[in-house]
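All remarks here apply to the structure that follows.
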Amino acid sequence: MKIASFNINGIKARIKALPDWLDEAQPDVALLQEIKSVDEAFPRELFEERGYRVETHGQKSFNGVAILSKLPLEDVSRGLPGDDSDEQARWIEATVIGDKTAVRVCGLYLPNGNPVELDNGQPVRGGKYDYKLKWMERLHARAQELLAAEEPFLMAGDYNIIPQDEDAKKPESWQEDALARPESRAAFRRILNLGFTEAFRARTHGPGHYSFWDYQAGAWQRDNGIRIDHFLLSPQAADMMIDCQIDKEIRGREKPSDHVPIWVELDA
DNA sequence: ATGTCGGCCATAGGCCGA
C-alpha cells in the first residue's frame, strides 16, 4: 500500500501537475493539503476517472485537505477534535481497507504559526503562534486516542515543523520562525515521543533532504529548502514500512507547488 | 535586504497568506 502526502498549494493551479504526478507515482492513497477550494468546487471527476475515491474537507480560499484512494475507505471524519470554534479545514481521517490490513490514515495541514508573537516568552493569546501551539496540543490528544487502539495508523501532511537544524539548508535563518522555534520543535517531539516513528528519518539520515522550497529568492535553484512534510507511523504501521521517499524532482517541473510529495510503502 | 506564488474581489491591482 503506497500512501503519499502532497501540499498542492491550490487545486486550481495544480489541475495538470497533480494528475500527471498521480499517473506516474501511482499511489494507492494521496493525502492532499492546501486544496484552497470548497468541497463543491473540487474537480473530483479528474480523480474518479483514474479510479480514486475522493473525500474532501475544504474551505474557501485557504487551507483544505483531501483524501484520494483507490482502496475502499471507511469511517471518514473531518476536523481535528478539541475545539468546536475552530473553522479552519486542516484535518481529515479515514480507514483504508488494504489487501491484508486496514490502516487508519490522518491527513493534516498544521498551522504555519507566523508571525510569532510572544509576551514575556508566552504566546499572545489569539495570535497565530498561539493557534499553532494549541492546535498541536489537540493533535497530541487525538494521536494519543488513536494510538490506544494499538492498530496500524499514520498521520501525514504538512506539519510546518523543521524538526532539527539538519532539516534546513540555512537553519540560522529559521531560528526565530514558527517552523523551527524551540516551542514548535518541543511540541512536535512531544507527539513523536508518544511512540511514533518518523518514517523518513527511520530510513534516511543526514542533511540535504527537503520537501519545500520557497517560490522566492531562487530557493529551488539554490537548493535552499526545508523538510516540513512528515509521516508519523504508529508502532503497528512502522512494522509494515517497506520504504519512504521524497519526490524531489517534482519541484523542478512546470508550474510546481512549493512542496513536493513524500510517500511511504507499507506491507498492508 | 530583496527576489514569488495562489486566491479573492472584481475586472486591475491590491490584499492576505505562505
Which part of the nucleic acid, if any, lies within reach of [X] when heavy atoms closer than 4.0 Å are counted: base, sugar-phosphate only, or nothing?
X: A/R14; answer: sugar-phosphate
X: A/Y109; answer: sugar-phosphate
X: A/G10; answer: sugar-phosphate
X: A/A13; answer: sugar-phosphate

*asked:* Whether A/R227 engages the ring of A/Y210 as a cation-pi pair (distance to the six-membered ring centre under 6.0 angstrom, angle to the ring normal within 45°) should be assessed.
replied: no

*Can you run through DNA chain B from 5' to 3' and write each base as (, ), [, ], | or . depending on how it pairs? Watson-Crick or G-U wobble, both distances under 3.5 Å.*
...((((((...))))))

*asked:* Once you measure the plane-to-plane angle for A/H230 and A/Y159, does it fall in the parallel (<30°), tilted (30-60°) or perpendicular (>60°) bin?
replied: tilted

*Is there a chain of hydrophobic side chains (I, L, V, M, F, W, Y, each step under 4.5 Å between heavy atoms) that links A/Y109 to A/I67?*
yes

Between [N] and [M], how far is it from one [atom1] atom to the other, in whole Å?
N: B/dA1; M: B/dG13; atom1: C1'; answer: 25 Å
N: B/dC15; M: B/dA10; atom1: C1'; answer: 13 Å
N: B/dT2; M: B/dC8; atom1: P; answer: 28 Å

*Test A/R104 against every option in A/E93, A/E74, A/Q236 by the side-chain hydrogen bond (donor to acceptor under 3.5 Å, both in side chains) rule and name the one that passes.*
A/E93

*Checking side-chain contact (heavy atoms from CB on, under 4.5 Å) against A/R203, which of A/V264, A/T197, A/I242, A/D243 comes through?*
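Option passing the side-chain contact (heavy atoms from CB on, under 4.5 Å) with A/R203: A/D243.
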
*So where does chain A start and stop touching DNA chain B, 5' to 3', when the test is distance under 4.0 Å to a non-hydrogen atom?*
B/dG3 to B/dA18

*From A/W21 CH2 over to A/E24 CD, what is the distance, rounded to the nearest 0.5 angstrom?*
10.5 Å

*So, A/F153 versus A/F196, ring centres under 6.0 angstrom or not?*
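Aromatic pair counts; centres sit under 6.0 Å.
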
*Test: A/E55 and A/R78 ion pair at under 4.0 Å*: yes

*Along DNA chain B (nearest heavy atom to each residue), the more 5'-positioned of A/P256 and A/R222*: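 Here A/R222 is the residue nearer the 5' end.
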
